[in-house]
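This is a predicted model, so every value here is computed, not measured.
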Amino acid sequence: MRSTMQDVQLTIGSILEHGTNLHGDSEVVTATPDGVRSASYAEVRGQVGRLANALRGLGITGDQRVGTFQWNNTEHLAAYLAIPSMGAVLHTLNIRLFPEQLVYVANHAEDKVVIVDDSLVGLLAPQLGQLDTVEHVIVAGPDAASADLDALRATGKQIHLYDDLLSAQEEDTSWPDVDERDAAAMCYTSGTTGNPKGVVYSHRSAWLHSQMVTTGNVGGMTWEDRVLPIVPMFHANAWGLVYAAMMSGASLCMPDRWLQAEPLVRFIQQSRPTLSGAVPTIWNDVLQYLDAHTDVRLDSIRRILCGGSAVPVSLQKALADRHGLEMRQAWGMTETSPVASAAGVPVGVSGEEQWRYRGGQGRLVCGVQGRITADDGSVLPNDDEAVGEVEVRGPWITGAYYESDDPEVDAKFHDGWLRTGDVGRIDQLGYITLTDRAKDVIKSGGEWISSVDLENALMGHPDVLEAAVVGIPDEKWQERPLASVVLKEGATTTPAELRAHLAKDFAKWQLPDAFAFIDQVPRTSVGKFDKKVLRKEYADGDLDVHTAD
């Protein structure tokens with residue numbers, strides 16, 4: 001027996017039509033140096049249609065790639081909607097990649113057009129001449145006309161001003177038929193080893209992922225919400241928050257380049273978001289600002305989604321207890337679109353017991369299956385005791401990298417499962433607790449030590465702002481933990497005091513023997529702790545290392 005339900009394609013175009021037609025009174029608010037600028041969703045639809053026609057006029061047909069080199073703003077939102085809806089492929093370029101990586105990903109994706117914000121022209125221009133397939137560059141933003149356009153023209157590319165280009169176009173009122181399994185967007189991993197790897201999202205995967213993000217277990221979005229994606233739109237498509245907001249009719253608050261604590265807090269007070277998402281380092285900075293300005297309240301925010309790296313319980317507690325802000329940890333990666341789990345608390349759990357769940361990576365969302373495997377590939381039980389590599393599969397999890405020729409990384413995909421590289425446990429309710437990245441696990445005397453657990457505990461010390469733990473060579477034990485610590489301003493704690501703080505929760509053999517006090521933990525292009533830099537600094541003798549004796 002077969003259903004007679006209509007087989008309607010799940011496309012970005014359908015999200016655009018719903019959001020801008022039925023929720024045309026919702027708005028996108030973008031931060032500026034002097035305040036904010038706003039546009040209704042109905043007005044954004046006009047911009048989207050004109051951008052699509054302009055791109056067609058520049059020769060974009062079929063599934064050609066259009067790169068964006070932009071902050072989170074109205075113009076980037078228009079590109080998010082226009083490019084996939086017209087059948088092309090949105091390629092969000094990471095503005096924080098090293099120059100050689102930026103050149104690699106643009107050439108590997110074969111971008112034909114790049115849209116760049118006026119404030120980023122100086123960052124793109126030095127590499128533009130090496131982007132072999134790029135023919136046109138569109139400069140967007142209020143100050144586009146005063147940007148250094150000559151530096152762009154010197155590369156031989158055709159340069160256009162966004163507003164001039166769109167003003168010559170009529171609004172597009174129709175969209176081509178697009179198969180939901182066609183590519184809608186692509187994003188490259190941050191490339192911690194080797195070249196970045198391309199992940200291609202289909203219309204269907206983006207649609208289903210966006211719908212999941214709107215659910216109560218994750219964002220709980222309605223048209224009464226105002227969503228602030230601080231996570232960059234070039235990082236795993238801003239965790240799906242942009243499409244989810246358009247799908248639910250929620251307004252969008254776009255911070256543009258104003259991501260430091262003071263201007264970000266000011267923008268939050270002006271735009272009044274109810275839901276936000278960002279990596280822990282952003283909210284750690286906001287916490288320090290709020291602690292120093294006790295008269296400032298962010299009372300519009302009902303939930304903060306946080307991920308990208310492990311979210312310390314101490315950060316969650318401080319935001320909740322001192323500032324009334326609820327943070328919910330989510331877990332995923334570029335390859336999982338990215339949200340695969342969210343750390344809601346089981347029914348009936350409260351008090352201190354809740355932090356066992358809120359401190360982990362959360363329960364697998366509907367649509368994602370998860371398991372853990374041993375080194376030999378055998379499947380281990382989800383009993384919250386066995387530890388292994390987390391593997392996942394689902395409708396918004398990629399099955400391969402785009403045009404990869406690296407057998408070692410391609411081996412991450414097998415039998416429909418993705419090997420995530422994360423090590424941890426899964427319990428009977430589907431809650432994931434990660435103990436490390438596979439490459440960061442510390443093996444000391446044949447026993448595993450979790451760098452994540454040590455970091456979270458160190459950041460719970462009242463004098464510690466940030467901490468990162470790596471394994472360093474040891475002649476007797478093979479590896480031992482080294483803790484690199486950033487102290488709060490004016491703090492003077494010692495390695496012995498930090499070790500004593502850890503000794504309350506860790507066995508003696510798990511405690512770091514060595515500590516280094518640093519100004520800031522190095523970060524990757526997407527704001528995660530970059531531990532390979534710390535390992536190199538230790539190997540080169542660039543860290544001032546102290547023992548806890």
Check against side-chain contact (heavy atoms from CB on, under 4.5 Å), Leu498 and Phe517: CA-CA 12 Å; Leu498 291 175; Phe517 294 103; 4.0 Å; yes
CG-SG distance between Asn94 and Cys187, expressed to the nearest 0.5 angstrom: 7.5 Å
4.5 Å side-chain heavy-atom contact, Leu228 and Phe267: yes
Donor-acceptor contact below 3.5 Å, side chain His501 vs main chain Leu458: no
Check: Val470 and Ser451 side chains under 4.5 Å, non-hydrogen atoms: no
Pair Asp463 + Lys488: basic N to acidic O under 4.0 Å: no
Minimum side-chain heavy-atom gap Gln510-Leu502 below 4.5 Å: no
Over all atoms of both residues, closest heavy-atom pair of Pro84 and His203: O-CE1, 3.3 Å
Under 3.5 Å side-chain donor-acceptor pair for Thr30 and Asn73: no
CZ on Arg371 to CZ on Arg393, rounded to 0.5 Å: 7.0 Å
Contact check, side chains of Asp111 and Phe69, non-hydrogen atoms, under 4.5 Å: no
Closest heavy-atom pair and its distance - Asn456, Val311: OD1-C, 4.3 Å
Exam field: side chain His76 to backbone Trp71, donor-acceptor pair closer than 3.5 Å: yes
Test item: Leu454 and Pro481 side chains (from C-beta on) under 4.5 Å apart, heavy atoms: yes
Side-chain heavy-atom pair Pro273, Ser300 within 4.5 angstrom cut-off: yes
Leu81 to Tyr243 - nearest heavy-atom pair and separation: CD2-CE2, 4.2 Å
Main-chain N/O of Ala109 paired with Arg65 side-chain donor or acceptor, under 3.5 Å: yes
Full working for salt bridge (charged side-chain N to carboxylate O under 4.0 Å, His left out) between Asp299 and Arg272: CA-CA 8 Å; Asp299 54 3; Arg272 305 286 296 169; 2.8 Å; yes
Trp355 atom CH2: more than 12 heavy-atom contacts under 6.0 Å: yes
Non-hydrogen side-chain atoms of Glu391 and His414 separated by less than 4.5 Å: yes
Pairwise distance CZ(Arg322) to CG(Leu319) - rounded to 0.5 angstrom: 8.0 Å
Side chain to side chain donor-acceptor pair (under 3.5 Å) partners for Glu262, two or more places apart: Arg266
Reported OH-to-CG distance for the pair Tyr80 and Leu90, which is rounded to 0.5 angstrom: 6.0 Å
Minimal non-hydrogen separation, Ser444 against Arg480, with atom names: OG-NH1, 3.0 Å
Backbone N/O of Val349 and side chain of Tyr357: donor-acceptor pair under 3.5 Å: no
Check: Thr334/Thr189 side-chain N/O donor and acceptor closer than 3.5 Å: no
Flag, side chain of Asp422 to backbone of Leu434, donor-acceptor distance under 3.5 Å: no
Geometric class of the Tyr104/His108 ring pair [parallel <30°, tilted 30-60°, perpendicular >60°]: parallel
Within 6.0 angstrom of Glu224 CD, more than 12 heavy atoms from elsewhere: no
Point-to-point distance, once rounded to the nearest 0.5 Å, from CG of Leu124 to CG of Asp117: 11.0 Å
Step-by-step salt bridge (charged side-chain N to carboxylate O under 4.0 Å, His left out) determination, Arg425 to Asp427: CA-CA 7 Å; Arg425 311 183 303 273; Asp427 72 7; over 6 Å; no
Side-chain donor or acceptor of Lys531 paired with backbone N/O of Val469 under 3.5 Å: yes
Sub-4.5 Å side-chain heavy-atom contact between Asp453 and Phe506: yes
Test of ring centre spacing under 6.0 Å for Tyr402 and Tyr188: no
Heavy-atom donor-acceptor pair, Ser341 side chain to Gln361 backbone, under 3.5 Å: yes
Short N-O contact, Lys317 and Glu352, less than 4.0 angstrom: yes
salt_bridge(Glu466, Arg523) N-O dist < 4.0 Å: yes
Where Tyr289 and Ala261 come nearest, the two heavy atoms and their spacing: CB-CB, 3.8 Å
Exceeds 12 heavy-atom contacts within 6.0 angstrom, atom CG of Asp540: yes
Side-chain donor or acceptor of Ser205 paired with backbone N/O of Tyr201 under 3.5 Å: no
Derivation and outcome, side-chain contact (heavy atoms from CB on, under 4.5 Å), residues Thr493 and Phe515: CA-CA 11 Å; Thr493 191; Phe515 291 80; over 6 Å; no
Gap between atom CG of Leu315 and atom OG1 of Thr281 - 0.5 Å precision: 10.0 Å
Exam field: side chain Glu479 to backbone Ile442, donor-acceptor pair closer than 3.5 Å: no
Under 3.5 Å donor-acceptor, Ser276 side chain and Ile304 backbone: no
Closest non-hydrogen atom pair, Thr435 against Ser450: O-OG, 2.5 Å
